[in-house]
There are 4 protein chains.
Amino acid sequence: MQAIQKQSTDVGLTYIDNAPVPEIVHSDEVLIKVRAAGICGTDVDIYRADKPLMNRMKDKLPLTIGHEFCGTVEAVGKGVVGIEPGQFVSAEMHLICGHCYNCLTGNGQWCLNTVIAGIDGAGAFANYLIMPARAVIHLPENLPVEVAAYLDAIGNAVHTVRSVDVAGKDVVILGAGPMGIMATSLCRLMGARYIYVTDVHDSLLKIAKEEGADEVYNVSDAKQQREFVKRATSDKTKRGVDVVLELSGHGQAYRDALRVIRMGGELSLLGLPRGDIAVNFATDVVFKGITIRGIIGRKIFTTWIEMLALLQGEFIKTAKRIVTHQFSLTDFEKGFKAKLVGEGLKVVLIPDEKLA
Amino acid sequence: MQAIQKQSTDVGLTYIDNAPVPEIVHSDEVLIKVRAAGICGTDVDIYRADKPLMNRMKDKLPLTIGHEFCGTVEAVGKGVVGIEPGQFVSAEMHLICGHCYNCLTGNGQWCLNTVIAGIDGAGAFANYLIMPARAVIHLPENLPVEVAAYLDAIGNAVHTVRSVDVAGKDVVILGAGPMGIMATSLCRLMGARYIYVTDVHDSLLKIAKEEGADEVYNVSDAKQQREFVKRATSDKTKRGVDVVLELSGHGQAYRDALRVIRMGGELSLLGLPRGDIAVNFATDVVFKGITIRGIIGRKIFTTWIEMLALLQGEFIKTAKRIVTHQFSLTDFEKGFKAKLVGEGLKVVLIPDEKLA
Amino acid sequence: MQAIQKQSTDVGLTYIDNAPVPEIVHSDEVLIKVRAAGICGTDVDIYRADKPLMNRMKDKLPLTIGHEFCGTVEAVGKGVVGIEPGQFVSAEMHLICGHCYNCLTGNGQWCLNTVIAGIDGAGAFANYLIMPARAVIHLPENLPVEVAAYLDAIGNAVHTVRSVDVAGKDVVILGAGPMGIMATSLCRLMGARYIYVTDVHDSLLKIAKEEGADEVYNVSDAKQQREFVKRATSDKTKRGVDVVLELSGHGQAYRDALRVIRMGGELSLLGLPRGDIAVNFATDVVFKGITIRGIIGRKIFTTWIEMLALLQGEFIKTAKRIVTHQFSLTDFEKGFKAKLVGEGLKVVLIPDEKLA
Amino acid sequence: MQAIQKQSTDVGLTYIDNAPVPEIVHSDEVLIKVRAAGICGTDVDIYRADKPLMNRMKDKLPLTIGHEFCGTVEAVGKGVVGIEPGQFVSAEMHLICGHCYNCLTGNGQWCLNTVIAGIDGAGAFANYLIMPARAVIHLPENLPVEVAAYLDAIGNAVHTVRSVDVAGKDVVILGAGPMGIMATSLCRLMGARYIYVTDVHDSLLKIAKEEGADEVYNVSDAKQQREFVKRATSDKTKRGVDVVLELSGHGQAYRDALRVIRMGGELSLLGLPRGDIAVNFATDVVFKGITIRGIIGRKIFTTWIEMLALLQGEFIKTAKRIVTHQFSLTDFEKGFKAKLVGEGLKVVLIPDEKLA
């Protein structure tokens with residue numbers, strides 16, 4: 001079958017069409033025929049041979065990557081209940097242990113022993129993959145395949161927005177990539193009062209505006225950055241915004257976040273800064289009484305259930321719009337190139353049925 | 001009457017015994033005869049002529065300081081309801097505006113326009129002070145005067161411990177000053193499973209141990225510091241502790257906090273670091289999914305009600321023990337000296353009735 | 001000036017045009033010229049001479065009633081800060097004491113000493129009324145007067161919907177009067193997955209459908225009632241709905257609520273049943289692990305701030321639509337008749353400027 | 001081996017000593033040698049041939065009952081990880097499906113497909129039983145066997161108390177059986193301000209007093225019942241208590257609960273009333289703004305982790321004291337008799353090693 005593999009710790013990925021179709025070994029396994037798979041930022045980092053990722057993966061190469069996908073159940077192990085061939089499914093690719101403190105208390109998103117399919121084990125850029133039944137989730141038949149292809153990422157956005165109560169709140173969203181666009185749309189739908197979005201690309205800010213942002217700022221322009229801070233702190237009764245969602249990982253965004261947030265405000269962090277960021281905790285955190293939350297993965301399966309509900313409503317329009325490119329798996333290089341040059345939002349790869 | 005004043009922005013404080021007794025001007029005011037007042041760390045900083053504090057106070061000098069106290073109602077304005085001469089009271093010295101967003105939504109601890117009596121206006125190191133009725137709180141007659149003298153500080157400790165749910169949890173308390181000792185006792189009372197306390201003074205760690213710590217570490221010793229981190233991360237099902245209370249303001253404590261906290265753990269910050277602290281937010285906050293809360297003041301009046309309830313139980317023993325020194329107001333220099341040399345936990349000053 | 005008064009405990013109300021304009025006596029008072037006022041169900045009960053209400057009001061008659069309104073500030077007492085003549089305002093007519101446990105802990109909606117203007121004291125069916133400054137709330141200039149006229153009721157609906165987290169949830173709304181219509185619209189806006197609405201009037205159910213209900217049932221028809229219960233319990237993974245909002249006060253609605261709610265579901269009660277309702281707590285509450293919340297008034301001022309934010313978005317369409325009748329204050333009988341025969345949703349009365 | 005079985009739907013239970021030792025069939029099973037097992041109220045109802053229970057069980061007879069126990073792992077299926085022969089364990093006897101909405105969202109206590117071992121399948125009144133590995137929980141070696149024998153019940157008490165935040169609160173506990181005694185001790189430990197306990201047995205009220213109740217009332221005496229209501233509503237700032245825990249299932253207790261609870265108070269229900277109870281929801285629930293929670297089972301495994309932590313502290317004294325009787329399994333009739341005549345609190349049965 002087809003597969004996109006990381007074969008060495010060098011830059012790049014390799015397409016093969018003679019990978020063996022995986023076989024069900026344990027009674028709780030499900031064989032899924034992949035219909036579509038999204039390229040995640042982490043996949044791009046794997047392509048680029050990001051150092052920490054290469055260290056994590058080097059002993060498992062060659063490895064088929066890809067951890068956002070949807071597909072059709074092909075076969076199930078004999079112990080599997082409630083999943084049948086022909087069903088439309090996706091899976092939570094953070095495979096959790098079920099035994100650690102966090103798993104035992106209903107917080108699998110914080111599992112101590114998470115194994116990520118597509119990084120630590122075989123992934124979804126292929127015609128088939130094997131998943132444990134407990135990670136498989138049914139999808140509604142009316143969900144567009146290209147949206148079902150990147151539910152993992154949609155879940156990150158939903159988890160971030162749902163980490164605070166945005167109804168009636170003034171919200172700042174830092175970063176207008178796929179996460180920021182989705183967060184903007186979700187905050188609007190969930191009753192946010194006013195939404196500011198910042199980014200460094202006007203084209204993304206334009207989309208954010210169309211998806212519900214009240215004001216957008218290109219913070220690569222120092223004047224706009226100052227104007228943003230001024231505006232976001234202009235409400236005399238609050239002197240800042242209630243909620244900040246940090247999705248960019250930029251140091252300046254962190255500094256802006258701590259300036260524009262009101263006393264007692266809430267800051268959720270999904271973006272991944274490189275290196276350290278210096279913070280004056282006394283003035284910016286303690287005296288302001290703010291709450292900062294790191295967001296990782298998706299609540300299993302609360303976030304999945306919420307996102308599937310949201311995708312039955314207005315939010316589906318945003319989710320469809322974010323898929324800017326679709327390529328066959330054979331043309332994966334085009335897909336990665338689009339991401340590498342910052343051309344597209346979400347790029348989806350489609351395996352070739354004939355090679356399955 | 002007697003008063004301890006900051007008269008200039010130089011180091012030191014001045015005792016006078018000819019200050020005018022304040023008079024009720026507005027109908028909502030209450031005149032209180034001070035029975036005892038605690039010296040807070042901020043008072044020590046005022047003594048030392050701490051730069052930011054001097055900038056804040058310079059236009060109001062000379063000013064009577066002191067913002068932890070208890071006393072007896074002497075007289076009330078004609079619009080005051082429910083407060084009568086002779087009653088035993090204290091007051092929330094963070095005087096809140098009642099009009100900003102946070103006040104209007106029940107979060108006065110985050111008031112945008114807080115005025116602190118004893119810093120921004122006349123305080124309690126005197127025979128009398130005037131308070132608005134809305135800030136006055138009744139005290140039970142059985143509450144020891146020396147404990148009632150520093151409820152403001154007790155409230156900080158209660159607010160910090162109550163910012164998380166410690167029952168059944170493993171807790172690290174960083175800093176064993178009065179706040180840390182109170183936090184240790186409160187965590188023990190409220191059902192914490194296991195408590196680690198760190199400090200740089202063995203004498204304080206000894207008290208923490210007696211107040212309920214399971215393990216204490218003097219982190220001025222690098223070996224003990226490493227041993228602490230190793231022990232606090234030794235539980236195989238958690239690989240860290242559930243809750244960290246940071247009460248020291250030390251950079252190393254912040255680093256320890258982020259290392260020993262488990263995935264999804266909760267970190268409450270009350271200590272005030274000087275300057276910036278560098279944090280790797282990607283690895284230590286986002287990927288770990290932790291929550292960080294800045295703690296300011298006391299919930300008005302939720303924290304007061306809770307602390308008065310707690311002081312009716314076992315916690316009173318800890319609160320009494322923390323009062324290591326009592327001096328007459330005339331001897332205030334002895335009290336400040338004890339604090340300056342790090343000799344005492346809580347120092348209480350007693351005005352002279354004859355000079356009232 | 002004009003005023004609609006309850007003059008005796010008999011059925012009916014009396015219109016007068018020679019009521020004295022109230023005068024500011026205390027320094028914290030605000031004189032407001034009424035622009036519009038909504039008729040509440042309680043006003044209809046006062047008209048009808050409802051027994052418990054007459055007992056409550058009998059010693060205060062004659063009394064000007066009305067407790068939903070908006071107006072323009074005419075004058076302010078000398079102690080009032082931040083409110084000025086000419087401003088567009090409404091007021092929280094549940095006047096709270098500020099001194100009881102619930103007031104002191106930020107839960108004024110549960111004040112033990114609530115005085116309701118329009119029931120326990122002079123109300124808003126007049127050209128002018130006096131309000132304490134602390135109860136007055138500023139309104140955005142773009143808020144339509146007829147909507148601003150019944151914010152008190154809108155607040156009830158917002159408070160009820162916001163008592164649970166409806167995003168991604170299946171919701172049953174029992175009753176499609178103004179409260180039910182607003183709740184339907186709000187649940188839809190806030191991301192509910194699926195909404196069922198029941199009532200006994202097809203005309204109201206039609207509106208509920210247009211405002212976002214997925215399915216509506218006329219439960220006066222036993223067949224439809226059974227079909228409703230069957231459908232609401234048809235999800236195999238839940239066997240019931242996540243959330244029920246009871247807005248009707250009918251005994252059958254309570255029974256339906258307890259049948260259709262899933263294990264661990266949440267039931268919020270705003271409707272007021274007459275007399276007792278028998279419940280099998282063992283099977284329907286304890287074994288099901290459900291949570292039941294009584295909803296009273298509005299959170300002061302959290303709910304006000306949230307509703308004003310929501311009224312800046314899509315929800316304003318629903319709020320405008322609900323105002324089905326507007327009459328001059330002189331024609332108040334027409335307005336009450338519309339309510340008494342169940343003809344309208346919200347009826348708004350407009351004082352005559354010339355008689356002010 | 002020994003086993004206590006329900007063999008028919010008649011009153012009584014049967015002891016046999018030739019039951020076959022169960023064998024591991026599935027790879028996820030654990031064979032446990034029972035060391036001790038508690039008699040639950042439900043077991044007494046099974047003895048009495050309670051109608052609903054007999055209907056539930058009739059097709060599975062003969063059945064070994066018992067669902068509170070501790071034991072030693074004897075053998076494990078080949079797929080079991082982390083559980084080894086010789087370990088001291090108990091198990092969550094509510095066997096949950098893992099597939100329904102509530103299981104998938106971390107609320108297994110509300111599983112739609114719960115199977116209870118000892119009612120729907122073989123239980124623990126025997127020398128051995130088989131449990132799925134996912135239900136087994138490790139116990140600390142220092143936990144007394146007679147306490148480990150009834151963790152299921154201790155978990156109910158912990159779950160109930162932890163359903164509200166009792167720190168600083170005034171609490172009423174209705175019923176002073178084992179649940180009420182444990183709840184009293186837990187509320188005291190977790191910082192409750194004041195605790196009232198009611199029951200109809202003076203001997204139980206005496207124990208409640210010793211375990212931390214401030215006031216106790218024998219409500220079989222109408223005068224004491226009136227005095228209780230008067231006292232519990234005597235606080236002028238609250239006019240009632242913050243929290244009520246209903247553990248008795250008596251109709252009068254429900255009526256008392258609704259009278260003594262303050263505006264906005266919280267009522268948790270664990271007791272199981274027989275038949276319907278009539279409630280005036282308008283005056284007692286909606287206007288009072290109270291929250292009512294049905295409590296079922298234990299949070300899996302949050303409650304287990306919390307209770308094991310609490311049993312490492314002061315609470316162990318209460319838990320040991322509650323075990324008033326221990327009998328060999330052969331003498332089970334003596335144990336049931338003690339419960340039937342209301343003589344003991346917790347009765348524990350010990351299997352005979354020689355018959356294993």
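Naming convention: chains lettered A, B, ... in sequence-line order (proteins, then strands); numbering from 1 in each chain.
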(request) Begin with the C-alpha distance, continue with both residues' side-chain angles, and end with the deciding distance and a verdict on side chain to side chain contact (heavy atoms under 4.5 Å, CB included) for D/Asn113 and D/Cys100. (result) CA-CA 8 Å; D/Asn113 308 303; D/Cys100 72; 4.0 Å; yes
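At a 4.5 Å heavy-atom cutoff, the contact between C/Cys111 and chain D is made by backbone atoms alone. Only the backbone of C/Ile290 comes within contact range of chain D, judged by heavy atoms closer than 4.5 Å. Contact of C/Leu104 with chain D is not made at all, since no heavy-atom distance falls under 4.5 Å.
Salt-bridge formation is detected for the pair C/Glu68/C/Lys346: a Lys NZ or Arg NE/NH1/NH2 atom is positioned less than 4.0 Å from an Asp or Glu carboxylate oxygen.
Remark: D/His67 NE2 to D/Asp43 CG distance equals 5.0 Å, nearest 0.5 Å. Put simply, CD1 on D/Ile96 and CH2 on D/Trp110 are 12.5 Å apart, with the number rounded to the nearest 0.5 Å.
Nearest heavy atoms, D/Met182 versus D/Ala157: CB-CB, 3.8 Å. Here the closest heavy-atom approach between residue C/Leu63 and residue C/Gly121 is recorded as CD1-C, 3.4 Å. Of all heavy-atom pairs spanning C/Thr9 and C/Lys58, the tightest one is CG2-CB, 3.9 Å.
Annotation: maximal heavy-atom pairing with chain D below 4.5 Å, among C/Leu272, C/Val285, C/Ile295, C/Asp284, occurs at C/Leu272.
In this pair, C/Phe281 and D/Phe281 present their aromatic rings parallel. The plane angle is below 30°, not in the 30 to 60° band.
You'll find the side chain of D/His250 stays beyond 4.5 Å of the side chain of D/Thr198, heavy atoms only. No side-chain heavy atom of C/Arg162 sits less than 4.5 Å from a side-chain heavy atom of C/Thr302. Proximity of C/Asn156 to C/Met179: side-chain heavy atoms (C-beta onward) are separated by under 4.5 Å at one or more points.
Chain C is approached within less than 4.5 Å, heavy atom to heavy atom, by D/Arg262, D/Met263, D/Gly264, D/Leu269 from residues 257-269 of chain D, ordered by number. Near-neighbour residues of residues 228-249 of chain D relative to chain C, defined by a heavy atom under 4.5 Å from a heavy atom of that chain, comprise D/Lys236, D/Thr237, D/Lys238, D/Arg239, D/Asp242.
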